[in-house]
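Here the structure is a predicted model, which is why all the values come from computation and not from measurement.
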Amino acid sequence: MKDAHDIIIRPIISEKSMMGLADKKYTFRVAKDAGKIEIARAVEELFDVKVVKVNTMVVPGRFRRMGRFTGYKSDWKKAVVTLSEDSKTIEFFESMV
(Lines give C-alpha, C1' and ligand atoms only; values in the text may rest on other atoms or scores of the structure.)
Protein backbone atom coordinates (compact mmCIF):
# COMPACT_ATOMS: atom_id res chain seq x y z
CA MET A 1 0.00 0.00 0.00
CA LYS A 2 1.17 3.50 -0.78
CA ASP A 3 2.03 6.12 1.80
CA ALA A 4 -0.54 8.89 2.35
CA HIS A 5 1.99 11.50 1.23
CA ASP A 6 2.40 9.65 -2.08
CA ILE A 7 -1.36 9.75 -2.71
CA ILE A 8 -2.10 13.38 -1.77
CA ILE A 9 0.28 15.50 -3.84
CA ARG A 10 -0.86 19.02 -2.98
CA PRO A 11 -3.97 21.08 -2.19
CA ILE A 12 -5.59 23.09 -4.95
CA ILE A 13 -6.13 26.74 -4.09
CA SER A 14 -8.50 28.38 -6.55
CA GLU A 15 -11.59 30.56 -6.43
CA LYS A 16 -13.89 27.61 -7.07
CA SER A 17 -12.23 25.38 -4.47
CA MET A 18 -12.40 28.14 -1.84
CA MET A 19 -16.18 28.43 -2.35
CA GLY A 20 -16.52 24.75 -1.42
CA LEU A 21 -15.04 25.30 2.04
CA ALA A 22 -18.43 26.43 3.36
CA ASP A 23 -19.80 22.95 2.57
CA LYS A 24 -16.65 21.24 3.94
CA LYS A 25 -15.45 20.30 0.46
CA TYR A 26 -11.68 20.32 -0.03
CA THR A 27 -9.84 19.92 -3.33
CA PHE A 28 -6.52 18.09 -3.77
CA ARG A 29 -4.23 17.05 -6.57
CA VAL A 30 -3.76 13.30 -6.16
CA ALA A 31 -1.75 10.48 -7.71
CA LYS A 32 -3.16 9.44 -11.05
CA ASP A 33 -3.44 5.76 -10.09
CA ALA A 34 -5.09 6.38 -6.69
CA GLY A 35 -8.66 5.18 -6.11
CA LYS A 36 -11.40 6.86 -4.11
CA ILE A 37 -10.97 4.59 -1.09
CA GLU A 38 -7.20 5.20 -1.00
CA ILE A 39 -7.76 8.96 -1.25
CA ALA A 40 -10.30 8.90 1.59
CA ARG A 41 -7.96 6.91 3.85
CA ALA A 42 -5.02 9.21 3.05
CA VAL A 43 -6.99 12.38 3.89
CA GLU A 44 -8.27 10.82 7.13
CA GLU A 45 -4.73 9.80 8.09
CA LEU A 46 -3.04 13.10 7.22
CA PHE A 47 -5.59 15.56 8.61
CA ASP A 48 -7.39 13.46 11.28
CA VAL A 49 -10.87 14.10 9.83
CA LYS A 50 -13.87 11.94 8.81
CA VAL A 51 -14.45 11.67 5.03
CA VAL A 52 -17.99 11.10 3.75
CA LYS A 53 -17.53 11.26 -0.03
CA VAL A 54 -14.78 11.55 -2.64
CA ASN A 55 -15.31 12.77 -6.20
CA THR A 56 -12.43 12.34 -8.65
CA MET A 57 -11.79 13.63 -12.14
CA VAL A 58 -8.91 13.46 -14.61
CA VAL A 59 -7.93 16.92 -15.83
CA PRO A 60 -6.54 16.86 -19.39
CA GLY A 61 -3.18 18.50 -20.01
CA ARG A 62 -3.21 21.93 -21.60
CA PHE A 63 -1.67 22.72 -24.99
CA ARG A 64 1.62 24.59 -24.65
CA ARG A 65 4.03 26.11 -27.13
CA MET A 66 7.68 27.06 -26.66
CA GLY A 67 8.96 28.75 -29.78
CA ARG A 68 8.53 26.32 -32.65
CA PHE A 69 8.00 23.33 -30.35
CA THR A 70 4.48 22.39 -29.37
CA GLY A 71 2.98 19.80 -27.08
CA TYR A 72 0.67 19.05 -24.22
CA LYS A 73 1.32 19.09 -20.49
CA SER A 74 0.63 15.82 -18.73
CA ASP A 75 -2.84 14.86 -17.50
CA TRP A 76 -3.45 14.90 -13.75
CA LYS A 77 -6.09 13.76 -11.29
CA LYS A 78 -8.12 15.99 -8.99
CA ALA A 79 -10.17 14.87 -5.97
CA VAL A 80 -12.91 16.79 -4.17
CA VAL A 81 -13.24 15.42 -0.64
CA THR A 82 -16.40 16.05 1.40
CA LEU A 83 -16.08 15.85 5.19
CA SER A 84 -18.81 14.90 7.65
CA GLU A 85 -20.76 17.61 9.48
CA ASP A 86 -19.32 16.71 12.88
CA SER A 87 -15.73 16.52 11.58
CA LYS A 88 -13.24 19.27 12.26
CA THR A 89 -11.96 21.48 9.44
CA ILE A 90 -8.55 21.32 7.79
CA GLU A 91 -6.48 24.17 9.20
CA PHE A 92 -4.38 24.66 6.08
CA PHE A 93 -7.39 25.76 4.04
CA GLU A 94 -8.82 27.89 6.83
CA SER A 95 -5.69 30.05 6.84
CA MET A 96 -6.28 30.83 3.14
CA VAL A 97 -9.72 32.40 3.67
Side-chain angles (χ1 to χ4, degrees):
M1 184 169 158
K2 290 173 142 181
D3 185 36
H5 292 285
D6 294 333
I7 294 172
I8 305 295
I9 297 173
R10 66 180 180 91
I12 296 177
I13 308 298
S14 66
E15 210 172 318
K16 187 174 182 179
S17 68
M18 290 295 119
M19 290 191 309
L21 295 181
D23 301 328
K24 289 196 172 184
K25 292 184 178 183
Y26 299 92
T27 309
F28 297 97
R29 183 174 183 164
V30 296
K32 202 166 177 194
D33 60 342
K36 291 183 179 186
I37 296 170
E38 290 177 325
I39 294 168
R41 287 185 186 150
V43 170
E44 287 176 351
E45 180 184 329
L46 288 176
F47 301 108
D48 194 32
V49 294
K50 178 67 178 141
V51 175
V52 174
K53 185 166 77 168
V54 177
N55 294 333
T56 60
M57 60 209 78
V58 176
V59 180
R62 295 174 56 191
F63 179 75
R64 289 292 178 206
R65 192 174 76 179
M66 193 95 154
R68 65 179 178 157
F69 303 106
T70 61
Y72 286 88
K73 294 186 102 179
S74 59
D75 299 345
W76 55 282
K77 194 172 198 176
K78 176 167 70 170
V80 179
V81 178
T82 305
L83 303 182
S84 66
E85 291 297 323
D86 59 340
S87 178
K88 66 176 187 168
T89 59
I90 298 176
E91 295 89 21
F92 176 80
F93 285 96
E94 296 303 320
S95 64
M96 295 290 166
V97 177

ILVMFWY cluster, Val54 and Val52 together (side-chain gap under 4.5 Å): no

side-chain contact (heavy atoms from CB on, under 4.5 Å) between Arg29 and Val59, intermediate numbers included: CA-CA 10 Å; Arg29 183 174 183 164; Val59 180; over 6 Å; no

Non-neighbouring partners of Tyr26 that pass ring pair (Phe, Tyr, Trp, His ring centres under 6.0 Å), sequence neighbours left out: Phe93

Verdict with supporting geometry, Ile39 and Thr56, side-chain contact (heavy atoms from CB on, under 4.5 Å): CA-CA 9 Å; Ile39 294 168; Thr56 60; 3.8 Å; yes

Spacing of Phe28 atom CZ and Ile90 atom CD1 [to the nearest 0.5 Å]: 4.0 Å

Nearest-0.5 Å distance that lies between atom NZ in Lys36 and atom CG in Asn55: 5.5 Å

Just distance, no hydrogens or angles: give the donor-acceptor pairs under 3.5 Å from side chains in residues 64-85, sequence neighbours left out.
unit_1: Asp75; atom_1: OD1; unit_2: Gly61; atom_2: N; d: 2.7
unit_1: Lys77; atom_1: NZ; unit_2: Ala34; atom_2: O; d: 2.7
unit_1: Ser84; atom_1: OG; unit_2: Asp86; atom_2: OD1; d: 2.8
unit_1: Ser84; atom_1: OG; unit_2: Ser87; atom_2: N; d: 3.4

Contact summary for Val51 and Glu44, nearest pair of heavy atoms: N-OE2, 3.2 Å

Please output the side-chain donor-acceptor pairs of residues 5-21 that fall under 3.5 Å, not counting sequence neighbours, one pair per line with the distance.
unit_1: Ser14; atom_1: OG; unit_2: Ser17; atom_2: N; d: 3.3
unit_1: Ser14; atom_1: OG; unit_2: Ser17; atom_2: OG; d: 3.3
unit_1: Ser17; atom_1: OG; unit_2: Ile12; atom_2: O; d: 3.0
unit_1: Ser17; atom_1: OG; unit_2: Ser14; atom_2: N; d: 2.9
unit_1: Ser17; atom_1: OG; unit_2: Ser14; atom_2: O; d: 3.0

